[in-house]
Amino acid sequence: MRGQTVYLAAAALLAVAAASPSPTAWCFLIVYLLLLFIRRPPVFLPAFLTALFFFAYFLIVDHDNETSLSGGRRTLNVRFTAPPAFDGDRMQGLVEINGERVQLRYVMRTRAEKEALQAYLTPGTVCRILGTLERPQSASNPYAFDYRRYLRFQRVHWLFLPESVDRSVCARARPTVAERLLSLREAGVRRIEAHLPPEAAGIAAALIYGERRQLDEEVLAGYQQLGLIHLLAISGGHVTLLVSAAFALAIRFMTREVAVLALLVLLPVYAVLAGASPSVLRACATGMIVLAVAWKKGAIHPLDALSWTALVLLVFDPYMVWDVGFQLSFVVTFALLVHFPALSAVRSLGGRLLQTALVAQLAALPLLLYHFYEISVWSVVLNVLFVPLYSWILLPLALLVAAVPFAPFVWLFCRLVVFTNAIVRFFSTDHGLTLVLGRPSPWGLALCVAAVVAAFLLWERGRLQRGLAAVAAALAVQFAAPYMNANGEVTVLDVGQGDCTVIELPGRKAVYLLDTGGTLDIAREPWRKRARPFSVGRDVVVPFLKAKGIRTIDKLILTHDDADHIGAAPDVLRAVRVKEIVTSPHALPTVRQMARPFSVPVAAASRGQRWQEGGAAFAILHPEAGNREDNNGSLVLFARLGGLTWLFAADIEKEAEQDLVRAYPHLRADVLKVAHHGSATSTTEPFLRTVKPRVALISVGRHNRYGHPAREVLVRLKQQGAIIWRTDQNGAIRYVYSEKSGTFQPMKP
Amino acid sequence: MNCLLCHSPYNPIANWRQLLFLEDFDVLCPRCRGAFQLIDGRLCEMCGRSLEESAPSICADCLDWEEDERWRGVLAKNRSVYVYNEWMKEVIALWKFRGDYVVAEAFRQPLTAVFRRDFGSGWQLVPIPLSAERLHERGFNQAEALARLLPLPSVPWLARKHSEKQSKKSRRERLETDNPFFLSGHPPINGKRIVLIDDIYTTGVTVRHAARVLLEAGAAEVGSLTLVRA
């Protein structure tokens, strides 16, 4: 099997994916094994057995991944197995309840409480806490992060929300080895935070302990966008550097064998200290395999070492297959190893760095598109600059600074971090050149992968340009795909308490965004401020638009100027080109003010305005030209699309409804986007009798403080015989249509 | 896997092509493989050695042969795989004189490729034989070993008388020696196209002697394929 373990690793990966279960992966697995049977008979049987083992193994692991707890309000013994993360007034982290891992989340009341908990809650502490066990939320928007699935993959099935955490009912148990190590890690991170200025501390903690909590959100997003994030992850480079340095040092005091053995024991310890993320585990496992072979005085091919690592990690945790870090880490390393002979033919250092960056970027491309929907034009060039900077200067310097905080080193390190952060900001926020392509369809993804593979094959035959042309062609297809799509879509996004509807006409004739949702900005005491507060725009609306590959919005319609309707507009304007903003007469000044930095034309619309586009017709039914304040002044949009009539009632109340019925006595709508999140003061009986909706869509937040939607409204809608879908229960509600008919697809039926 | 020649471990999956199309692995490490030099570019139409771009299409040696009326047209063409560089000398010594038979495996892919390119299934393979004494001395016939690498069966239509080792004679001496080859039994040669297989083409005397015997027995055309063109 020497030199051919990669075939077994591929079989294992496919088998785990097939067992998940995925029919596509099944097809790939069968074709793959058949190919091996024909072309590589000696490998077939081992590969088949590997696939069989991992298939069964995953089924067993997945079957056993179940909870023994039940939900509800209870007093429980909670063991803090890892130091909880403190972010503003929130504390969260993994704890153990009855031997089961649970995610604890707690909002602290006072600064004193926070400081006390920060000092007291070391790993190994056991507390008796009254709280509620709650199921984590599954994804409620298309393409969104599925928190429930994510936690389940970590064998976590419950959120525990304590009512209070009282020190007097806590006791220190004897910490386990892992808990001791995690305490050590926490202490190390805190020491870095104490010794270095925040900006440098963030990078240093990420480079040494794999801890990103101090990293500035904008910088992190920049690294992500520019394809440099791998530099902030602890990976092969770190481990190689550390192991070689430790070996060079150790060999002065002990024999080679003892040094290797000592490193073998220390690497898993380091893996825990470094945060045990998939890339750390990959690097440490590969390091251990190479060391173990060296100890036996053998040699192992790098590709074999990587493949064995994949096999070992899959046994350790088969769910890792779905981790972005795992996927990127393996795919890029794999591509670099296979392409290595071609790379080593390049003589100049600059050329080699450029080609290495290009290999990495090409290999990562399909994954980046799938997970992040966009690619940065700067990526390859910046990698050429940053990879040597990080691996030869910043990383060794960070280790040095953490070990001996000697002032000149600290100063140099800080200067470098400020300098690199400035570059990252320059190329991401100030002069970002990203191509938003959206998440590829399965076929699009297959095309991308095929193009990348073709590029590598052509490249090693000296035809790089042709290869790059193939990739460019695949990207062009991806770019053009929405314009060929015959389906239109109306999506009422789950933005919590707020409104946001995306209308995409077939063939992308036009994209309209009806309100953006928004979070209320509550002034908070400094200690309560979170490093990364939840933002509807940044976390829900913009990711959805990017995932759909929406680069331009033809009309951003802002019905009125309440924060839950326009709060996220600046985030949207920053991320997407908006051709024009349409708003109500009353909201015009506020919206103008808000849109000024983005130089987008803003106009007020009123009753009687209408337009047609791509087989759909739109009309503004309200308000009348005069200026009307409050919710009753919000824009009401009527649309005819996908074989249905739609009434988007914004936040109007009784008075405006009466107005509407008076002005349009024959107003009918198949779909009513219920006014004001289902408030009792809207959606009155006479209005409903006129409109006669068959479907009612309510955009409303879970557990909102206003008690929306009102029970009366629900009763009234039911009496009308309308089907009700609510974003708090059903998540986003999509209506996908072609020509004259379509279907409603709530995220959670 | 370990390299057949230097015995150091190497990664048999050396490129994307091999990995993705499941091509056969190379038995040599990239370094040993890289030390062989393929004959490429413009070839002498007769003997298959590489020529300068500006040179005439037939090399001086072959002109000599073709001008000699006794040898004109005896050999249709010769094609060889590798240049006889220092590395090849070492490998040949290891294989042929020190008897490391399995080394031949390293030549399977390139030899087959040249055979497919310049000859093909219409040709009958005949390895240049050794005399019984030499065969006993070496333990195997290197030409036969090469012929076995090709995807067609080879036939032992020729036999050889014992004589001095070729490499110890000058060109003139070689030309003037009697033809050491004779037919083995009564092979059905009539009208066949025959390709002779040998390890080295140096002056072309050996293959021409063999070709003459076959032509006289009725072969339509005789060419030769050798591993090395000295």
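Chain letters run A, B, ... following the sequence lines, proteins first and then strands; every chain starts at 1.
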field: Closest non-hydrogen atom pair, B/A104 against B/L149
entry: O-CD1, 3.2 Å
- prompt: Distance from A/L45 atom CG to A/L33 atom CG, nearest 0.5 Å?
  reply: 10.5 Å
- line: In this structure, CG of B/L158 is separated from CG of B/L183 (nearest 0.5 Å) by 6.5 Å
Show me the donor-acceptor pairs under 3.5 Å between chain A and chain B.
from: A/R40; atom 1: NH1; to: B/L22; atom 2: O; distance (Å): 3.0
from: A/R40; atom 1: NH1; to: B/E23; atom 2: O; distance (Å): 3.0
from: A/R40; atom 1: NH2; to: B/E23; atom 2: O; distance (Å): 2.6
from: A/H301; atom 1: ND1; to: B/Y10; atom 2: O; distance (Å): 3.3
from: A/H301; atom 1: NE2; to: B/M1; atom 2: N; distance (Å): 3.2
from: A/H301; atom 1: NE2; to: B/Y10; atom 2: O; distance (Å): 3.1
from: A/H339; atom 1: ND1; to: B/W16; atom 2: NE1; distance (Å): 2.9
from: A/E460; atom 1: OE1; to: B/W16; atom 2: N; distance (Å): 2.9
from: A/E460; atom 1: OE2; to: B/W16; atom 2: N; distance (Å): 3.3
from: A/E460; atom 1: OE2; to: B/R17; atom 2: N; distance (Å): 3.0

Contacting region of B/L19 [heavy-atom separation from chain A under 4.5 Å]: both
query: By a 4.5 Å heavy-atom criterion (distance strictly below it), what part of A/L337 contacts chain B: side chain, backbone, both, or neither?
result: neither
Heavy-atom side-chain contact between [X] and [Y] under 4.5 Å:
X      : Y      : result
A/F326 : A/L281 : no
B/V114 : B/F119 : no
A/L369 : A/C448 : yes

task: Any chance you could lay out the ring pair (Phe, Tyr, Trp, His ring centres under 6.0 Å) test for B/F36 and B/F107, step after step, and finish with the verdict?
output: CA-CA 10 Å; B/F36 289 114; B/F107 307 128; 5.8 Å; yes
query: When only pairs under 4.5 Å are counted, which of A/P302, A/A335, A/G298, A/A342 shares the most heavy-atom pairs with chain B?
result: A/A335
